[in-house]
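Here is the structure we will look at.
Residue numbers count from 1 along this sequence.
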Amino acid sequence: YIYPPLFPNWSYIHDNLLSINIIILFLGFSKNLVIPVIILEKRVKSYLMLTIGTYAINIGSALYFLVWSKKGLISLFYGELAGAIFFAIFSMSLLWEYKTLRLSNKAFEYILRIGLPAMPKNIISQVQSNINKYFLQLYMMPSDLGIFQKSGFVYTGFRGLLKSIGNTVAPSNIKKLTEKEEDNETGLVIIQFIYFISILLVMSILYLESVFKFMGVNESFWICAVYAPLYGFSVLISPLATMYVHNVLVSEKTYLLVYQTIINLLSTIILNLILIPVYGIMGAIISAIIVSFISLSVIIIINSKVLSYETNLNFGAWSILLLLV
């Protein structure tokens, strides 16, 4: 009832896709609860089975409906739906011991004190993650937008690895922060992760175009072999923020993250307005790299000036590494 008046091309096909998306949303709402519990309990096998199983069923189902059933675009949605169903059922079995029907005042207290302040950050983060595409649509050709989106796979892959590392080090780091113990391990793991990502990034800079040619990628997209590693470079900056974010979470002053996100959003808009009309796709990539530096700087200032936390990291080694890459 809402969308057809807004979008002239809206049809029953879009109704179907929206309905599937709504079901996926409801099936996946518990993801932010399930994953942290499994991580904190260090149930490595359960975590791998849940994440890899969901991914495998998602991809396998999508391929089945796309290739064998000839369902077209909706196959991608069916695949995601199958993955969401698997996640909901398997995660429920993993956390069956925790099920309860009683209401807890403590839960509402935490939602009001921690959850609600974090919600604007999530909304603004979603806007920020797509703002580059909006500006590219305004100033560039559709083909440029396509190349930019295709060039995001290195960045997305590195972000996925960063999330995995963050989940791995989080329990120990947060426990030590809570108990006011000194943590000499997490910083070392983060720096080692940056070394690892640096090697992957340099390999992609040197050999990605050759890989494209070997795989028979359309020549129109070979230019992504130039843009993708440059876009992925910004992930070398992000890992250092991991422990600073943990400090904010332990302090329970999550509203501070909203300030950081607002600054990120404003920086992204201003930089895109300046850089994209002049440099196109490269302007969007440079904007992402600069905003990563700004985001890290803001979270460090919040930690040192507002929360008065001390976090020891080897900024010298990190800075040299960035320059070398």
Tell me every residue that passes side-chain contact (heavy atoms from CB on, under 4.5 Å) with Leu266, counting only those two or more places apart in sequence or in another chain.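 Testing Leu266 for side-chain contact (heavy atoms from CB on, under 4.5 Å), a comparison that skips the adjacent residues, returns Ile262.
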Any side-chain heavy-atom pair from [X] and [Y] closer than 4.5 angstrom?
X: Ile165; Y: Leu161; result: no
X: Ile74; Y: Ile20; result: yes
X: Ile147; Y: Ile223; result: yes

Keeping to residues at least two apart or across chains, list the side chain to side chain donor-acceptor pair (under 3.5 Å) pairs with something in [range].
range: residues 65-94; result: none
range: residues 148-163; result: Arg159-Ser238
range: residues 281-301; result: Gln260-Ser295, Asn264-Ser295, Asn272-Ser287

How far apart are the closest heavy atoms of Ser198 and Leu236, and which atoms are they?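 Closest heavy-atom pair between Ser198 and Leu236: OG-CD2, 3.5 Å.
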Give the minimum heavy-atom separation between Leu208 and Cys224, together with the two atoms involved.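 Smallest interatomic distance, heavy atoms only, reads CD2-O, 4.4 Å.
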Test question: given the 4.5 Å side-chain rule for I, L, V, M, F, W and Y, name all other residues clustered with [X], or answer none.
X: Val44; answer: Leu48, Ile52
X: Leu323; answer: none
X: Val250; answer: Ile174, Leu177

Partner residues of Trp222 under the ring-ring contact (aromatic ring centres under 6.0 Å, His included) criterion, sequence neighbours left out: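 Partners of Trp222 under the ring-ring contact (aromatic ring centres under 6.0 Å, His included) test: none.
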Phe86: ring-ring contact (aromatic ring centres under 6.0 Å, His included) partners, not counting sequence neighbours: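 Phe90.
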I'd like to know if the side chain of Asn303 reaches the main chain of Ile299, judged simply by a donor and an acceptor atom lying under 3.5 Å from each other, with no hydrogens or angles considered.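 Yes, Asn303 side chain to Ile299 backbone: donor-acceptor pair under 3.5 Å.
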Gap between atom CZ of Phe77 and atom CD1 of Ile24 - 0.5 Å precision: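 One finds 7.5 Å between CD1 of Ile24 and CZ of Phe77.
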Flag yes if [X] and [Y] sit in one hydrophobic cluster, no otherwise; membership is Ile, Leu, Val, Met, Phe, Trp, Tyr, and two members link when side-chain heavy atoms are under 4.5 Å apart.
X: Val278; Y: Ile286; value: yes
X: Met215; Y: Tyr227; value: yes
X: Tyr279; Y: Val226; value: yes

Pairs in or reaching into residues 208-237: which pass salt bridge (Lys or Arg N to Asp or Glu O under 4.0 Å), with residues at least two apart or in two chains?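 Passing the test, one end in residues 208-237: Glu209-Lys213.
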Sequence neighbours excluded - ring-ring contact (aromatic ring centres under 6.0 Å, His included) pairs with any residue from residues 176-198: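 Counting only pairs at least two positions apart or across chains, no ring-ring contact (aromatic ring centres under 6.0 Å, His included) contact touches residues 176-198.
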Just wondering, more than 12 heavy atoms not from Lys253 lying within 6.0 Å of its NZ?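 Counting neighbours around NZ of Lys253, 12 or fewer heavy atoms of other residues, nucleotides or ligands fall under 6.0 Å, so no.
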The criterion is side chain to side chain donor-acceptor pair (under 3.5 Å); which residues satisfy it with Tyr47, sequence neighbours excluded?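 So Tyr47 forms a side chain to side chain donor-acceptor pair (under 3.5 Å) with Asn167.
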